[in-house]
Novice: 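My structure is below; once you've seen it, I'll send some questions.
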Amino acid sequence: MRLLLISNSTLYGSGYLDHCAAAIERFLRPGVSRVLFVPYALFDRDAYAARARQRFGQMGFELESIHDADGGACAAVERAEAIFIGGGNTFRLLDALWRNDLIEPIARRVRAGLPYIGSSAGSNVACVSIKTTNDMPIVQPPAFTALNLVPFNINPHYLDPVPGATHMGETREERIAQFHEENLPPVVGLREGAWLLVDGSGVTLEGSTGARLFRRGQPPEEFAPGARLPL
């Protein structure tokens with residue numbers, strides 16, 4: 001399998017996908033000219049698809065959106081050269097994947113070698129489950145189980161604890177600790193500006209920022225860009 005799991009679509013001070021555009025181009029070339037986009041995480045799918053189509057066009061790729069694809073969504077997955085699942089609300093995204101019967105065909109094709117790009121919610125659904133998303137459950141998916149392409153979960157947009165902060169809500173670290181009170185999979189706290197490249201050689205952290213790896217019963221580990229994660 002080959003996956004590019006990005007923490008965020010937009011980095012402060014830059015445009016949509018600007019911070020990871022070079023990585024996307026390296027990931028898709030050679031061999032891919034047309035990308036299948038999944039816009040289910042946002043309400044206005046037409047506008048979202050238009051934005052993604054413009055940005056991928058700037059990188060030299062055609063883009064087809066699954067929500068209005070000729071022949072239907074499942075047929076679009078079967079003919080896809082690569083797939084990009086965009087960010088937004090993870091619960092809405094996963095609900096649409098389940099209700100459109102797309103979990104099995106996407107997972108099957110990616111396991112057979114279809115290049116997969118996810119950003120934020122799109123990275124969440126590549127994991128074991130969506131239980132470490134940051135989003136509100138605005139809809140109720142049939143299950144929290146996701147594509148299960150990798151044996152870990154991601155917390156995108158990860159924020160480090162701020163010493164001396166007066167905010168009394170849980171930190172991300174505390175919420176991940178609560179997750180591990182009930183669940184086993186490791187969790188990658190992926191800061192904005194970072195992404196994971198998953199291929200036959202393992203899981204490599206890339207981008208301009210680092211990540212933290214949380215494993216049940218163990219202290220968190222810090223990793224810098226370029227590191228191979230023990231996953």
Side-chain angles (χ1 to χ4, degrees), residues 3-24 37-43 48 51-52 55 84-95 97 116-139 141 144 146-147 149-150 152-163 165 167-180 183 185-198 203-215 220-225 227 229 231:
L3 300 92
L4 193 68
L5 305 177
I6 305 164
S7 178
N8 55 305
S9 300
T10 305
L11 189 64
Y12 180 78
S14 63
Y16 180 60
L17 298 177
D18 286 351
H19 67 291
C20 55
I24 292 173
F37 178 56
V38 179
Y40 294 149
L42 292 187
F43 182 76
Y48 199 9
R51 186 184 190 193
R55 188 64 186 89
F84 170 47
I85 301 187
N89 186 278
T90 313
F91 292 92
R92 175 159 48 197
L93 169 59
L94 185 61
D95 183 63
L97 293 177
Y116 180 104
I117 302 172
S119 179
S120 189
S123 294
N124 276 132
V125 297
C127 298
V128 179
S129 74
I130 65 166
K131 293 179 182 179
T132 53
T133 181
N134 302 304
D135 299 328
M136 290 186 177
I138 60 172
V139 297
F144 290 158
L147 293 168
L149 298 171
V150 292
F152 56 85
N153 271 19
I154 289 175
N155 178 244
H157 308 272
Y158 179 78
L159 294 172
D160 294 286
V162 179
H167 176 66
M168 298 304 294
E170 297 100 333
T171 64
R172 297 286 180 84
E173 183 173 338
E174 289 170 335
R175 289 179 178 178
I176 293 170
Q178 292 171 352
F179 168 81
H180 278 142
N183 301 271
V187 179
V188 179
L190 200 58
R191 297 186 182 98
E192 293 195 347
W195 55 86
L196 301 177
L197 174 63
V198 181
V203 181
T204 304
L205 176 63
E206 297 186 344
S208 59
T209 56
R212 300 183 81 196
L213 176 60
F214 298 85
R215 287 181 282 197
E221 294 181 75
E222 178 72 28
F223 291 90
L229 272 59
L231 293 166

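Just the heavy atoms: all of them, side chains too, but no hydrogens, waters or symmetry mates, feed the values below.
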Novice: To the closest 0.5 Å, what do you measure between CD1 (I117) and CG (L5)?
Specialist: 10.0 Å

Novice: Rounded to the nearest 0.5 Å, how far apart are OG1 of T10 and CD of E192?
Specialist: 9.0 Å

Novice: If you take all heavy atoms of D95 and P141, which pair is closest and at what distance?
Specialist: OD1-CA, 3.4 Å

Novice: A211 and L205: which non-hydrogen atoms are nearest, and at how many Å?
Specialist: N-CD2, 3.7 Å

Novice: Is any side-chain heavy atom of V203 closer than 4.5 Å to one of V150?
Specialist: no

Novice: Are the side chains of N134 and P156 in contact, using a 4.5 Å heavy-atom criterion?
Specialist: yes

Novice: Would the distance check show the side chain of N89 and the main-chain N or O of M136 forming a donor-acceptor pair, the cut-off being under 3.5 Å?
Specialist: yes

Novice: So does S119 get a backbone contact from the side chain of S9, meaning a donor-acceptor N/O pair under 3.5 Å?
Specialist: no

Novice: Can you find a pair of side-chain heavy atoms, one from L147 and one from V128, that are under 4.5 Å apart?
Specialist: no

Novice: Return the SG to CD1 distance between C20 and I6, rounded to the nearest 0.5 Å.
Specialist: 4.0 Å

Novice: Taking the side chain as C-beta and beyond, is there a heavy-atom pair between F223 and L229 under 4.5 Å?
Specialist: yes

Novice: Which pair of non-hydrogen atoms, one from H19 and one from W195, has the smallest distance, and what is that distance?
Specialist: O-CH2, 3.6 Å

Novice: Do T204 and E206 have side-chain heavy atoms sitting under 4.5 Å apart?
Specialist: yes

Novice: Nearest 0.5 Å, what's the CG-CG distance between L190 and L213?
Specialist: 11.5 Å

Novice: What residues, two or more places apart in sequence or in another chain, satisfy side chain to side chain donor-acceptor pair (under 3.5 Å) together with R51?
Specialist: none

Novice: Does a side-chain heavy-atom distance below 4.5 Å link L149 with Y116?
Specialist: yes

Novice: In this structure, are over 12 heavy atoms from other groups packed under 6.0 Å from F144 atom CZ?
Specialist: no

Novice: Under a 3.5 Å distance rule, please check whether N8 uses its side chain to pair with a backbone N or O of S120 as donor and acceptor.
Specialist: no

Novice: I need the minimum non-hydrogen distance between H180 and F214, along with the two atoms involved.
Specialist: CE1-O, 3.3 Å

Novice: Under a 4.0 Å N-O cut-off, is there an ion pair linking R55 with D18?
Specialist: yes

Novice: Could you walk me through whether E222 and R191 pass salt bridge (charged side-chain N to carboxylate O under 4.0 Å, His left out), step by step?
Specialist: CA-CA 11 Å; E222 178 72 28; R191 297 186 182 98; 2.8 Å; yes

Novice: Does some side-chain heavy atom of I154 sit less than 4.5 Å from a side-chain heavy atom of F152?
Specialist: yes

Novice: Check the pair L3, L196 against side chain to side chain contact (heavy atoms under 4.5 Å, CB included), reporting the backbone distance first and the verdict last.
Specialist: CA-CA 8 Å; L3 300 92; L196 301 177; over 6 Å; no

Novice: Between V125 and T133, is the side chain to side chain contact (heavy atoms under 4.5 Å, CB included) condition met? List the steps.
Specialist: CA-CA 9 Å; V125 297; T133 181; over 6 Å; no

Novice: Between N153 and C127, what is the shortest heavy-atom contact and its length?
Specialist: OD1-CB, 3.6 Å

Novice: Which distance, rounded to the nearest 0.5 Å, do you find between the CD1 of I130 and the OG of S123?
Specialist: 13.5 Å

Novice: Would you confirm whether the ring centroid of F37 sits within less than 6.0 angstrom of the ring centroid of Y48?
Specialist: yes

Novice: Within the structure provided, determine whether R212 and Y158 are in side-chain contact (heavy-atom separation under 4.5 Å).
Specialist: yes

Novice: Heavy atoms only: give me the nearest P161-T171 pair and the separation to one decimal.
Specialist: CB-CG2, 4.3 Å

Novice: Any sub-3.5 Å donor-acceptor pair from D135's side-chain atoms to T90's backbone N or O?
Specialist: yes

